Amino acid sequence: MSKYDVTVIGSGPGGYVAAIRCAQLGLKTAIIEKYNTLGGTCLNVGCIPSKALLDSSHHYHDAVNHFEKHGIKTGKLSVDFKQMISRKDEVVSQTCEGINFLMAKNKIDVFTGVGSFKDATHINIAKADGNTETIESKNTIIATGSKPATLPFIKLDKKRVITSTEALSLKEIPKHLIVIGGGVIGLELGSVYKRLGSEVSVIEYMPTIVPTMDKMLSKELQKSLKKQKVKFYTSHKVSSVTGNAKEVVITAENKKGETVEFKGDYCLVSVGRRPFTNGLGLENAGVKLTERGQIETNAHLQTNIKNIYAIGDVVKGAMLAHKASEEGEFVAETIAGQKPHMDYNLIPGVVYTWPEVAAVGKTEQELKDAGVAIKVGSFPMRALGRARASMDLEGQVKVIADAKTDEILGVHMIGARAADMIAAAVVAMEFRASSEDIARTSHAHPTFTEAIKEACMAVENRAIHS
Ligand code: FAD
Ligand code: NAD
């Protein structure tokens, strides 16, 4: 029987990163993945394919709507959707292949099959050919991720009533895509199809879209997407979803209690994701779950069984790839006897719509609710030379600082390239920068990052360009 210092179950951005860090620290490491490709949700049916389609559809949208103004004549444009999907598939397979390379480079043994606990130190691997292999492991890291959640009355037929997984591999561009849930998936994939010509209607239960983000971001994003002709139905409670081979019919109750009917050809259900632990045999090792079905962990991401850890979407916290990866490194270092640290407040959140939305730290509302005295500086993208040059005038950067100490407590931005710019705010906050620190830092001109400096200057009412 093969013996390991650490076995990782699940090869998403939590699992494969944990495995690499364990191997780097000299631990004999195995990873078990039930699918034939490594990379988990993120690489196969999440971050990477969605960004590939967002990038392709963004090019098309730009070509149709903005090229002429730039003085570029293109003639009649059309979408080869089959090619778009097949380029996305290529991006996915190349990225997943990269993980095979990293496993081999780090001498990590890869097992393909469903991993389940026989007991706290033995794991069975059920293979596709019907055979089962058992390995022994001093420590195990559970990184089994999540699956799409749904509503109790919805039957996901995966043809017309679909999740993000199917939405990433459709055979045709929907005529009318009805999105249930105005969160990250709904808005990103809704944007893809809106740009490609679908009518898109978003039904959201809460009064605002992306309801957990700063209210400024929800408002500005909804305004921008409305301009792109996405239709929004906030404060609507979906009550039924029915469909046949050609059509879906959705009913929802609006704020006034009236029933509203929506008819479309596809319905994307994007109301969140749930932790996935099916088939893991947790009971054989005695690992406890929380009431919400997450694996219960302490501050060291250790379960109630000392040598078993859990990370990523299957534990509490934001369901984000980079959060899962940070936790993977954290646990690997903990097992190796180090004392790592993670600051969950500094995990950035990004929505890859256009304009992009990105945030780190606390929202204005959270700070007000906590009774923290704050000062706020905002700067509009439209006042930037670079934004005018590229015709990306929408959005703003908002910096929230502590009223007494001036420490930056939150940065919320919407605009071109916000997804990349948020890193500057994360670094600043990691080093506990004050807004004045950033205001006094040189930012290259002309760039979108100047909006961060100007927003920091605006905290003391001394922005130069607005
Ligand atoms: P996962 O990536 O879900 O991986 C878990 C793996 O475990 C899977 O491969 C699964 O097959 C395997 N597994 C499960 N049970 C077993 C078992 N018993 N034996 C063997 N293997 C098993 N996050 C971002 O940060 N940025 C984004 O842009 C982004 N975009 C997204 C877009 C979409 C459409 C979706 C759905 C998600 C997106 N996410 C994004 C979220 C991100 O994908 C997840 O947060 C991330 O994948 C979680 O990583 P993980 O390692 O915890 O689990
Ligand atoms: P989400 O939590 O972002 O959004 C779900 C939305 O559905 C919320 O706005 C919620 O209020 C709404 N909702 C819930 N029940 C509803 C109902 N009955 N009727 C109408 N609306 C309802 O979840 P998601 O968009 O499904 O994404 C799942 C996870 O994947 C998220 O945790 C997200 O972090 C992650 N993800 C991240 C990215 C990214 O980082 N760019 C992209 C895609 C997915």
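In each ligand, atom 1 is the first atom listed, and ligand 1 is the first ligand listed. Not measured: the values here are computed from a predicted model.
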Exercise. Measure the CD1-SG distance between Ile99 and Cys42 for me, rounded to the nearest 0.5 Å.
Key: 8.5 Å
Self-check item: The one among Cys42, Ala318, Gly272 that brings a heavy atom closest to atom 26 (O) of ligand 2
Solution: Gly272
Exercise. For a salt bridge (charged side-chain N to carboxylate O under 4.0 Å, His left out) with Glu199, tell me which candidate from Lys231, Lys229, Lys263, Lys175 qualifies.
Key: Lys231
Quiz item: Considering only protein heavy atoms, which is closest to atom 37 (C) of ligand 1, and at what distance to one decimal place?
Solution: Gly46 CA, 4.0 Å
Practice problem: Examine ligand 1 and decide if any of its atoms is less than 4.0 Å from a heavy atom belonging to Val314. | Solution: no
Quiz item: Is Ser50 touching ligand 1 with its side chain, its backbone, both, or neither, if touching means heavy atoms under 4.0 Å apart?
Solution: side chain
Practice problem: Select the closest option to atom 15 (N) of ligand 2 among Val271, Thr208, Val179, judged by heavy-atom distance. | Solution: Val271
Self-check item: Per-atom contacts, ligand 2 versus Arg273 - under 4.0 Å to a heavy atom
Solution: 28 (C), 29 (C), 30 (O)
Quiz item: atom 1 (P) of ligand 2: which of Gly183, Ser164, Ser50 has the nearest heavy atom?
Solution: Gly183
Quiz item: How does Ser164 reach ligand 1, if at all, at less than 4.0 Å between non-hydrogen atoms: by side chain, backbone, both, or neither?
Solution: side chain
Quiz item: For ligand 1, is any non-hydrogen atom under 4.0 Å from Lys323's backbone (N, CA, C, O), its side chain (CB onward), both, or neither?
Solution: neither
Quiz item: By number and element, which atoms of ligand 2 are closer than 4.0 Å to a non-hydrogen atom of Val350?
Solution: 39 (C), 40 (O), 41 (N)
Quiz item: For ligand 2, is any non-hydrogen atom under 4.0 Å from Leu320's backbone (N, CA, C, O), its side chain (CB onward), both, or neither?
Solution: side chain
Practice problem: Could you tell me whether Glu188 approaches ligand 2 through its side chain, its backbone, both or neither, with non-hydrogen atoms closer than 4.0 Å? | Solution: side chain
